[in-house]
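Each remark here refers to the structure printed beneath this line.
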Amino acid sequence: MDDSETGFNLKVVLVSFKQCLDEKEEVLLDPYIASWKGLVRFLNSLGTIFSFISKDVVSKLQIMERLRGGPQSEHYRSLQTMVAHELSNQLVDLERRSHHPESGCRTVLRLHRALRWLQLFLEGLRTSPEDARTSVLCTDSYNASLAAYHPWIVRRTVTVAFYALPTRKVFLEAMNVGPPEQAVQMLGEALPFIERVYNVSQKLYAEHSLLDLP
């Protein structure tokens with residue numbers, strides 16, 4: 001891990017997802033973006049193996065930051081206000097990418113799908129035995145989340161790349177929360193924060209038939 005990662009702690013990142021939900025259980029976009037930036041730091045600390053995800057996530061975060069800093073920023077305070085604004089103003093391409101390929105709804109959906117993959121993978125690391133193969137854990141998590149939205153050639157390239165993943169112990173140590181057993185305990189305490197944000201987002205998108213945006 002290089003000097004730019006000094007002081008990084010995955011627990012801080014995972015717990016930060018708790019700040020994404022307000023008292024009305026709206027998903028606040030500023031802490032959502034900030035929390036995702038922390039996850040990108042974690043992925044990048046593991047080398048280039050996850051660059052196919054982290055680069056795409058960074059580009060999506062930049063789109064959301066532009067929307068948050070733009071003239072309609074008040075409509076992008078939360079996921080709920082964004083969905084209401086974009087749908088009521090026909091700012092979402094519902095059937096094919098044409099006029100609004102960088103809509104907030106489409107952009108967050110891509111982040112939402114990637115969050116599911118990372119949640120499943122970290123849960124797999126938490127519950128697996130010490131000798132578990134991370135390539136299998138990551139492939140299973142990928143197949144249960146992102147794979148359905150990638151063409152065959154991408155799926156093939158990605159799953160082959162997973163064979164080069166470091167060991168489970170290396171992953172747990174990269175979280176910077178102490179020895180592996182402490183990292184496992186931390187994941188058990190912190191992953192529910194990601195799961196809650198994911199579930200609230202999933203329910204909102206399902207209610208508005210937005211889960212399959214092109």
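Between Thr81 and Ser78, the side chains place a donor N or O and an acceptor N or O closer than 3.5 Å (distance only, hydrogens not considered). A donor atom on one side chain and an acceptor atom on the other are not found under 3.5 Å apart for Glu181 and Gln185.
Looking at Arg68 and Glu65, no side-chain N of the basic residue comes within less than 4.0 Å of a carboxylate O on the acidic one, giving no salt bridge. A salt bridge does not link Asp93 to Arg106: none of the charged side-chain nitrogens sits closer than 4.0 Å to a carboxylate oxygen.
Between Ser135 and Phe162 the shortest heavy-atom distance is CB-O, 3.2 Å. Nearest heavy-atom pair across Arg116 and Ser145 is CG-CB, 4.0 Å. Nearest heavy atoms, Glu130 versus Arg168: CA-NH1, 3.7 Å. Pro180 approaches Lys169 most closely through the heavy-atom pair CG-CG, 4.1 Å. Minimum heavy-atom separation, Pro214 to Glu95: CG-C, 3.5 Å.
In this structure, CD1 in Ile49 is found 8.0 Å from SG in Cys138, a value given to the nearest 0.5 Å. The OG atom of Ser54 sits 13.5 Å away from atom CZ of Arg41, with the distance rounded to the nearest 0.5 Å. The structure places CG of Leu204 at 12.0 Å from CD of Glu25, a figure rounded to the nearest 0.5 Å. For the atom pair CD1 of Ile194 and NZ of Lys18, the computed distance is 14.5 Å after rounding to the nearest 0.5 Å.
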- [ ] In sequence, state the C-alpha distance, the side-chain angles, and the governing distance for Leu28 and Leu21, and then conclude on side chain to side chain contact (heavy atoms under 4.5 Å, CB included).
- [x] CA-CA 6 Å; Leu28 304 176; Leu21 294 175; over 6 Å; no
Open item on the list: Does Phe50 form a ring-ring contact (aromatic ring centres under 6.0 Å, His included) with Trp117? I'd like the steps, not just the answer.
Closed with: CA-CA 12 Å; Phe50 291 124; Trp117 161 74; 5.4 Å; yes
TODO: Might you work through the side chain to side chain contact (heavy atoms under 4.5 Å, CB included) test for Leu94 and Leu210, ending with a clear yes or no?
DONE: CA-CA 8 Å; Leu94 297 175; Leu210 298 174; 3.8 Å; yes
- [ ] Would you check, one step at a time, whether the test side chain to side chain contact (heavy atoms under 4.5 Å, CB included) holds for Leu122 with Leu14?
- [x] CA-CA 11 Å; Leu122 292 175; Leu14 296 181; 4.2 Å; yes
- [ ] Start with the C-alpha gap between Ser16 and Phe193, add the side-chain angles, then the distance that decides, and say whether side chain to side chain contact (heavy atoms under 4.5 Å, CB included) holds.
- [x] CA-CA 8 Å; Ser16 71; Phe193 297 127; over 6 Å; no
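A 6.0 Å sphere centred on CD of Gln182 holds more than 12 heavy atoms belonging to other residues, nucleotides or ligands. For Arg66, the CZ atom counts as densely surrounded, since its 6.0 Å shell holds more than 12 non-hydrogen atoms of other residues, nucleotides or ligands. More than 12 heavy atoms of other residues, nucleotides or ligands lie within 6.0 Å of CD in Glu207, so this atom counts as buried by the packing criterion. A 6.0 Å sphere centred on CD of Glu74 holds more than 12 heavy atoms belonging to other residues, nucleotides or ligands.
When atom types are taken as modelled, the side chain of Gln72 and the backbone of Leu67 share no donor-acceptor pair closer than 3.5 angstrom. A donor-acceptor pair under 3.5 Å is formed between the side chain of Arg155 and the backbone N or O of His150. Between the Thr139 side chain and the Val136 main chain, no donor and acceptor come within less than 3.5 Å of each other. Using a distance-only test at 3.5 Å, with no hydrogens or angles considered, no donor-acceptor pair links the side chain of Gln119 to the main chain of Leu191. Not a single donor-acceptor pair under 3.5 Å links the side chain of Ser35 to the backbone N or O of Tyr32.
Tested against Leu39 for a side-chain contact (heavy atoms from CB on, under 4.5 Å), the candidates Val57, Leu111, Leu115, Asn44 yield a single pass: Leu115.
Checked against a 6.0 Å centroid threshold, the rings of Phe17 and Trp36 do not count as neighbours. Annotation: Phe121 is in aromatic contact with Phe171 [ring centroid separation under 6.0 Å].
Between Val58 and Gln62, some side-chain heavy-atom pair lies under the 4.5 Å cut-off.
Ring geometry for Tyr142 versus Phe52: interplanar angle over 60°, hence perpendicular rather than tilted (30 to 60°).
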